[in-house]
Every structure is written in C-alpha cells, then in structure tokens.
Amino acid sequence: RDEYGWGKESISTVLKRDYTLAVSSSTVGRYLKKHRRVCPKISGRNQKAWLEKNIREKEKMPLTVKYRPPKQLKDYLPGALMEKDMKLAPTKRKTPRKSDNKYHLQDYFNYQHSLIDSFTRIKFMELAETPDSQNSKKAFQKMKQRSPFEIGSINTDNGGENGKNFKNELAQNEIVHFYSRQGAPTDNPRVERSHLTDEKEFYSRGNSFLPFKEQKEALKKWEYIYNFIRPHQALGNLTPMEFYRLWEINPQKAYEIKNKYQTYLVKQRKRLAASRRIKRKEQIENLMRFIDAKLNQDQARKINLKPYKLELIKCQLCSWT
C-alpha cells in the first residue's frame, strides 16, 4: 500500500496469488483503515462521507431535494410551495457587442425573475440585466421582502441562475429546494402559465424593447395589476390578494374554491380526451372503406379514391381545409 498505493481489491488479489492468503477486500479495507492507510482523497466513499459531515456541521445546511414536489404541497397553505422561473424580456440596447462572430444574447434581452405562490397565485417579479445566480439571489431577496407570508419551499428548473449563490440564499433562509425534471416545463406549471399571461397582457402591449429602467418600472406596475386587479379563474375570479385575504378570514371557503376548480379541470381533461375520439359508427365504417381502397390498389389498377374521400367529408370526419 505504501509503495504503490494499491486499493483493497488489488491487495486482496495479490495476497491470494502470491501468498495463498484468501482475504476478502473488505477485510483488507478494515486493516488499511485501522493502520491509517486510507486517505479521504483516495477513497471515494470516505471522501463523500467527509463532505457530508462538513455539510452537517455548517450553520445552515442546504435543504436540496432532487425530486418534484408532492402534489399535496400545491394547494396546501400560502407559501408552502413557490414556483420560480426566468423569462427573456426583449429590450433596447444602443451598441450590441460582437465577439467571435457571435452576438451576445444579453445585448437584446433583460431577464425577468418570477416567483409565484402555488396556492394563492400571488406573483412577484424582478428584472435583471444578466442571467447569473448572483442576480437571481438579489432578485429573490427583493421578492421575499414583498411576500406577506413565509416561504417553505421553492421549485425551480435546472438553469444556471438557480446555482451556487441562489442555493446558498435558500439555505440561509432554511427553504426546501425542489427541482423539475430536465426539459419538463409541466413540472413548474403555474409560473410557466403566468409567463404566457405576461407575454399576452404585458410585453405584447407596448412594454417590450424598453430601456432597462423603464422596463423595470413598467414591470412593477404590472405586478400590482396582476396581484390586486386582474381576476383569476382558478381563484373563483378573485384577485390573488383577495383570495389571500379570504383565506385569512375563512380558510374553508378558500379551499372550496380550490377544490371546485380542480374538479373543473378534471372534467375538462376528460371532455378534451373524449372529443378527440371517433365515436360515430358511420365515420368509422367510411374510414375503414377508404383505408381498404387505398391499400388494395396496385400498380396495374388504380382505384379512384374520390368517392371514398367524399364520404369522409359527408360524415364530418374530414374537411377540404
């Protein structure tokens, strides 16, 4: 071990081959540890244990969960689950930079950090000029100050803006950090849907391609409209702040509104699934006749498919457009 630095597997093999000593690798490992021949830098397992020990001894341990949040959290309490994401906001820059024949994305976009409460739909927005974790941390600190409730957990994607500085900030505040799956925006649905609202009702109505300060001021006004003025179907057409005040006064009524909307969504999913099925017998029969005619024609004899196509149109299965 001292001469070559061999691991327990190699030493066990040599003992058996050259000295006819049948010693298991785990026994060799115990003797190496006993005589202090195991270095944490060499042993991957010990190195991992060493790192975990250091993490446990930190004053604020990061509460990172590499799974999606359970569905019970989504409509549990205000602040129980917040969804965070970043959106590109088209902006106006005077002199675009160019290096290596590539234009920089930062010369044409600002970055909107969004934080939405899964239960009340209260949403906070901050604008940044660069998409790094330091700016993400600063944006989160400002948004957290405006929140009327404590934050228990946050679900984010795997973007770089949710890296080191942002994770450290969550650890300092003892907030559980969930992650979405790679390439699965449906794991963060409420903040993703809110970005569509931002695009339709804010950016496409004269708030794109503004200088940074102007766009930031406009975003503050939009946040107020979103939380205090705009009604939400999921909240029984209440605004997010009205729904939050209702929950403070009458939690049972607030949960009834949530349950009613969830029931509506289930019915909608079933209706949409059923609407895309061919249910009429006439339509199925006409379709089968067309398929038979199409597959039974050969090179020598071409079947005229026009009558079969007309039948599909008559039974409202197909259209010319």
Side-chain angles (χ1 to χ4, degrees), residues 78-79 82-98 103-118 120-151 154-170 172-173 175 177 185 188-232 239-244:
M82 306 287 284
E83 294 184 5
K84 180 186 177 297
D85 197 13
M86 188 177 71
K87 173 180 170 57
L88 294 175
T91 189
K92 201 182 270 185
R93 297 291 169 91
K94 293 182 180 178
T95 54
R97 295 168 295 165
K98 189 177 181 184
Y103 287 99
H104 291 265
L105 193 66
Q106 295 175 17
D107 293 325
Y108 301 96
F109 292 96
N110 289 321
Y111 300 88
Q112 176 190 321
H113 293 274
S114 301
L115 185 68
I116 190 169
D117 178 42
S118 182
T120 64
R121 301 298 207 278
I122 294 175
K123 183 178 177 181
F124 310 102
M125 292 168 271
E126 283 291 333
L127 205 63
E129 291 187 284
T130 55
D132 52 73
S133 65
Q134 181 63 28
N135 271 320
S136 183
K137 170 189 170 181
K138 292 178 181 177
F140 174 73
Q141 289 172 336
K142 293 177 182 177
M143 293 187 289
K144 185 177 179 296
Q145 289 177 355
R146 300 200 294 272
S147 176
F149 40 73
E150 283 294 323
I151 298 175
I154 285 182
N155 188 53
T156 70
D157 58 22
N158 296 272
E161 72 276 6
N162 302 316
K164 181 180 178 181
N165 294 296
F166 178 73
K167 290 200 299 185
N168 290 341
E169 179 65 21
L170 295 188
Q172 287 297 316
N173 288 276
I175 296 172
H177 189 185
N188 231 7
R190 297 179 181 180
V191 69
E192 294 284 358
R193 178 59 183 83
S194 74
H195 281 171
L196 178 61
T197 301
D198 295 340
E199 189 63 40
K200 288 184 174 181
E201 300 180 19
F202 176 69
Y203 287 108
S204 65
R205 295 181 179 273
N207 294 295
S208 295
F209 305 105
L210 298 174
F212 180 75
K213 290 184 179 179
E214 291 182 25
Q215 200 168 49
K216 193 169 184 177
E217 287 299 319
L219 191 64
K220 284 183 180 179
K221 294 178 183 177
W222 169 240
E223 180 183 304
Y224 177 82
I225 293 170
Y226 191 95
N227 290 327
F228 289 89
I229 299 175
R230 184 184 184 276
H232 289 246
T239 68
M241 290 305 298
E242 285 175 338
F243 183 80
Y244 176 61

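Treat the numbers as computed from the prediction; the structure is a model and nothing was measured.
Side-chain contact check for Asn168 versus Lys164: some heavy-atom pair is nearer than 4.5 Å. Taking the side chain as every heavy atom from C-beta outward, Leu115 and Ile154 approach each other to under 4.5 Å. The shortest side-chain heavy-atom distance between Glu223 and Lys220 does not fall under the 4.5 Å cut-off. Taking 4.5 Å as the limit, every side-chain heavy atom of Asp117 sits out of range of all side-chain heavy atoms of Tyr244.
With rounding to the nearest 0.5 angstrom, the CG atom of Leu127 is 6.0 Å from the CG atom of Leu219. Atom-to-atom distance recorded for Arg190:CZ and Ser118:OG is 3.5 Å, nearest 0.5 angstrom. To the nearest 0.5 Å, atoms NZ (Lys213) and CD (Glu217) are separated by 10.0 Å. Taking CE from Met82 and CZ from Phe149, the interatomic distance works out to 5.0 Å, rounded to the nearest 0.5 Å. One finds the NZ atom of Lys144 at 6.0 Å from the CD1 atom of Ile175 (value rounded to the nearest 0.5 Å). Here the NZ atom belonging to Lys137 is positioned 11.5 Å from the CG atom belonging to Asp132, to the nearest 0.5 angstrom.
Phe228 pairs by the ring-ring contact (aromatic ring centres under 6.0 Å, His included) definition with Tyr224, not counting sequence neighbours. Partners of His177 by ring-ring contact (aromatic ring centres under 6.0 Å, His included), not counting sequence neighbours, listed by chain and number: Phe166, Tyr179. Residues passing the side chain to side chain donor-acceptor pair (under 3.5 Å) test with His195, sequence neighbours excluded: Ser114. Scored by the side chain to side chain donor-acceptor pair (under 3.5 Å) test, Glu192 finds no partners at all (sequence neighbours excluded). Scanning for ring-ring contact (aromatic ring centres under 6.0 Å, His included) contacts around Phe124 gives an empty result, with sequence neighbours left out.
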Please report, to 0.1 Å, the donor-acceptor pairs under 3.5 Å made by any side chain of residues 198-205, with sequence neighbours excluded.
residue: Asp198; atom: OD1; partner: Lys123; partner atom: NZ; Å: 3.2
residue: Asp198; atom: OD1; partner: Trp222; partner atom: NE1; Å: 2.8
residue: Asp198; atom: OD2; partner: Gln112; partner atom: NE2; Å: 3.0
residue: Asp198; atom: OD2; partner: Lys123; partner atom: NZ; Å: 2.5
residue: Glu199; atom: OE1; partner: Lys87; partner atom: NZ; Å: 2.7
residue: Glu201; atom: OE1; partner: Arg230; partner atom: NE; Å: 2.9
residue: Glu201; atom: OE2; partner: Arg230; partner atom: NE; Å: 3.3
residue: Glu201; atom: OE2; partner: Arg230; partner atom: NH2; Å: 3.1
residue: Tyr203; atom: OH; partner: Gln112; partner atom: OE1; Å: 2.6
residue: Ser204; atom: OG; partner: Glu199; partner atom: O; Å: 2.9
residue: Ser204; atom: OG; partner: Lys200; partner atom: O; Å: 2.7
residue: Arg205; atom: NE; partner: Lys200; partner atom: O; Å: 3.4

Open item on the list: Run the side chain to side chain contact (heavy atoms under 4.5 Å, CB included) test on Lys167 and Asn162 for me, step by step, so that the C-alpha distance in whole Å, both residues' side-chain angles and the decisive distance to 0.1 Å come before the verdict.
Closed with: CA-CA 7 Å; Lys167 290 200 299 185; Asn162 302 316; 5.9 Å; no
TODO: Apply side chain to side chain contact (heavy atoms under 4.5 Å, CB included) to the pair Glu129 and Phe212, showing each step before the final yes or no.
DONE: CA-CA 8 Å; Glu129 291 187 284; Phe212 180 75; 3.4 Å; yes
TODO: Would you please test Thr91 and Phe209 for side chain to side chain contact (heavy atoms under 4.5 Å, CB included) and show each step?
DONE: CA-CA 4 Å; Thr91 189; Phe209 305 105; over 6 Å; no
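Listed for the Glu161 side chain is no donor-acceptor partner under 3.5 Å among the backbone atoms of Ser136. Of the possible donor and acceptor atoms, none in the side chain of Asp157 sits under 3.5 Å from a partner among the backbone N and O of Pro185. No side-chain donor-acceptor contact under 3.5 Å links Ser133 to the backbone of Gly163. The backbone N or O of Pro90 sits less than 3.5 Å from a side-chain atom of Gln215, completing a donor-acceptor pair.
Here the rule is side-chain contact (heavy atoms from CB on, under 4.5 Å) with Val191, and of Thr156, Ile116, Asn155 only Ile116 fits it. The only member of His113, Gln141, Lys138, Arg146 that meets side-chain hydrogen bond (donor to acceptor under 3.5 Å, both in side chains) when paired with Glu126 is Arg146.
Counting only N and O atoms by type, the side chains of Glu169 and Asn173 include a donor and acceptor under 3.5 Å apart.
Under 4.0 Å is where a charged nitrogen must lie from a carboxylate oxygen, and between Arg193 and Glu83 no such pair does.
Shortest non-hydrogen contact noted between Ile122 and Pro148 is CD1-CG, 4.4 Å.
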